[in-house]
Amino acid sequence: MPPKPPIVLSTDFGLSDGFVGVMHSVIYSISPEARVIDLTHFIEPQDVQQAAFLLFAHWRYFPEGTVFVAVVDPGVGTTRKPIILHTNDDRFIIAPDNGLIDLVIDHYGVKSLIHFTNREFYLSQISTTFHGRDIFSPGAAHLWKIGNPLSFGKPISYRRKLPYYILHVYQGDTAIIEGRIIHIDRFGNAMTNVMWHGNEPPRGYIEVKGKKISFFPSYGYVNPGEPLALVNSEQMIEIAINQGSARFALAISRGERVRIVIVN
Amino acid sequence: MPPKPPIVLSTDFGLSDGFVGVMHSVIYSISPEARVIDLTHFIEPQDVQQAAFLLFAHWRYFPEGTVFVAVVDPGVGTTRKPIILHTNDDRFIIAPDNGLIDLVIDHYGVKSLIHFTNREFYLSQISTTFHGRDIFSPGAAHLWKIGNPLSFGKPISYRRKLPYYILHVYQGDTAIIEGRIIHIDRFGNAMTNVMWHGNEPPRGYIEVKGKKISFFPSYGYVNPGEPLALVNSEQMIEIAINQGSARFALAISRGERVRIVIVN
Amino acid sequence: MPPKPPIVLSTDFGLSDGFVGVMHSVIYSISPEARVIDLTHFIEPQDVQQAAFLLFAHWRYFPEGTVFVAVVDPGVGTTRKPIILHTNDDRFIIAPDNGLIDLVIDHYGVKSLIHFTNREFYLSQISTTFHGRDIFSPGAAHLWKIGNPLSFGKPISYRRKLPYYILHVYQGDTAIIEGRIIHIDRFGNAMTNVMWHGNEPPRGYIEVKGKKISFFPSYGYVNPGEPLALVNSEQMIEIAINQGSARFALAISRGERVRIVIVN
């Protein structure tokens, strides 16, 4: 029998102010048996796009039944809705309705989408500025116990909010793709919004800032300090520098346009 | 039956050097069933005031019986005492005797205060520089099991050490309060040392750096980039910029004096 | 009966990109009863020496049977081996074969060293860039259950890779030691690669950048702002500034040469 699924937190709260510790306490008080895993709390402040991308990128490494809590919430205290998504692959996200779930829905589909209004599953007092504590954490802890969001509110229809998409390329494709850098990791590796589906690495190159950078299987296939294009561990096409930082060496920032050329 | 209470860690150790991981190991070795929650490890180095404030601010979101471990300890290795506070609302803090507990005591009162000297509850070897590992963590893990600090040492009387207080304003008050900024969070929101007790937001404004900033219920009530005063999720009066940083936009730093004007 | 030992993670992944959360999920899916402790994820990117030092320094505060996962892996995707070390004091490290285990082996010895090749204990899909998720985390979770690495691959012989060693001085020694700064912590305390074995603090001084700095028992024995040498909580000889930063006040960086003079 597989273990009970975890509750997984993603926020832009950082770890300096105690907000995340309080979320852990609220969840623990309601569902003390749940394992709570921190995906990241260092989403750039109020950066819904980055949060949506990281949820999508790591999604399949969390087990069926996982309850994701995603709180990047510039509209807290206004009329934006708290929602619960149940995906076709049987995972859940509880989040403000601001686009956080868009990339996951594009790829994994909607089994149900609920407007979370049942105050029985909120804390008794609701602040205007910290719904991560007052609504989303208790909601997640109750959802983890109940396993089904239908008692949390009424179903609503889905309207996409993010301005960008994940693009897909398959083994054997010949393609010229205009993409963007959508995440740069701690090592300075720059991920594009293009996902590769194939057993072999693609052949071709990425054009960025007037340079052509060829594909290789991994970092160590070029000399230290040299650039390469590769398919990373989340199957995203990425620009990197072996033992260096593409962010700094190539002066790449998020949003940068790239042209990906796949030949066959 | 409520779950067993958690052990909650607050330090200025950061997460780079392994100190926090070692505290987790020491606690786990003594009380493996205890849930350990990290409140924050990013208190500014040796900043007792900030640590005292964050304990106070988040206090009531941790369940009865919670054992807080608070280690900001410029006097480690000297004669400052390790102490255990049992509050009137039945939570515990184990900490060096340097003011860390002052704001919690002001608000939640003393049931008992113990000079923690019983070496049976220390590690067998005591370093001169890391009592977080050698005294406070094992003390917390044993206290969690025993549930009562009376066997940890002799009761002592309480002498306040912090130079500042939390000020309180109530619904219906008309007041002019000279306060200070005592914490600025990751988003650049600047919290004052003034706590609001009321169901409606206060009416009035905050004067800071020659500007008057009016109260609103939440961030989204003003345009992006505009300043507002509000009561935050910890009931503290705060200065913020909608979708921006008051720290940067208003050039506010900790210690800044503010005048809070409440009208009715 | 002592509790089941923990699984302990050390990486250079940071906490911004979700990599560590994914490792927690992989381990939890295989060994849901294991307590997982984060030692640090803020090793400087690809800095094998720093990771090796922090493992060594904190080693003895983790219980017998602990499974350390150490992932600082500039050679990921090339031919460097994944290995499992079983030490003479019955702890384990699973890591890439790049020197991460050297200081622990110097001090705690080899009971067995295994080339981890048994794909039964890998994830089913192996990326070229994230063996922390695909090989080391599932390996650790299985090792935690099985308790013995012999079924994970063939024994191999040990070849040291790090260019530096931990030097040892004992109570009563008279010595002049040419050492180096190998780690600077969050507070700016600068640790040398020299370990002190004695019940009393050493007598003598450290020469660094033309200054002689005397030994004291702890920070509080000198005035705020004054430098001191001391034996820290990991028994390493260290240079510090009371309530200040040796990193900044003395302009020390990692690799700095120091001369430690012990008199008796």
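Lettering follows sequence order; numbering is per chain, from 1. Since the structure is predicted, the reported quantities are computational estimates derived from the model, not experimental observations.
- Atom CE in A/M23 sits 12.0 Å away from atom CD1 in B/I37 (nearest 0.5 Å).
- In this structure, A/T11 OG1 and B/R186 CZ are separated by 7.5 Å, a value rounded to the nearest 0.5 Å.
- Using a 4.5 Å cut-off between heavy atoms, B/L15 contacts chain A through its side chain alone, with no backbone atom that close.
- Looking only at side-chain heavy atoms (C-beta outward), B/D38 and A/H24 stay at 4.5 Å or farther from each other.
- Residue A/R257 qualifies as open at atom CZ: its count of foreign heavy atoms under 6.0 Å is 12 or below.
- B/Y61 carries A/R133 over the face of its six-membered ring, with the cationic atom under 6.0 Å from the centre and within 45° of the normal.
- Using a 4.5 Å cut-off between heavy atoms, A/D12 contacts chain B through both its backbone and its side chain.
- When heavy atoms are compared at a cutoff of 4.5 Å, A/I126 does not approach chain B at all.
- The choice from B/Q50, B/H58, B/K4 that makes the most heavy-atom pairs within less than 4.5 Å of chain A is B/H58.
- The minimum heavy-atom distance between B/S218 and A/V76, with the atom names listed, is OG-O, 3.2 Å.
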Could you check B/T40 against A/F19 for side-chain contact (heavy atoms from CB on, under 4.5 Å), going step by step and ending with a plain yes or no?
-> CA-CA 9 Å; B/T40 179; A/F19 301 137; over 6 Å; no
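- Each of A/V20, A/V36, A/I30, A/I43 has some count of heavy-atom pairs under 4.5 Å with chain B, and the biggest count is that of A/I43.
- Inspection of non-hydrogen atoms places B/Y219, B/G220, B/Y221, B/L230, B/V231, B/N232, B/S233, B/E234 of residues 219-236 of chain B under 4.5 Å from chain A.
- Atoms CZ and OG, on B/R35 and A/S29 in that order, are 10.0 Å from each other to the nearest 0.5 Å.
- Of the listed residues (A/T128, A/T129, A/D17), the greatest number of heavy-atom pairs within a distance under 4.5 Å of chain B belongs to A/D17.
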Yes or no on side-chain contact (heavy atoms from CB on, under 4.5 Å) for B/F62 and A/V22, after CA distance, side-chain angles and deciding distance?
-> CA-CA 7 Å; B/F62 290 88; A/V22 168; 3.9 Å; yes
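- With rounding to the nearest 0.5 Å, the separation of CZ in B/R60 from OG in A/S25 is 12.5 Å.
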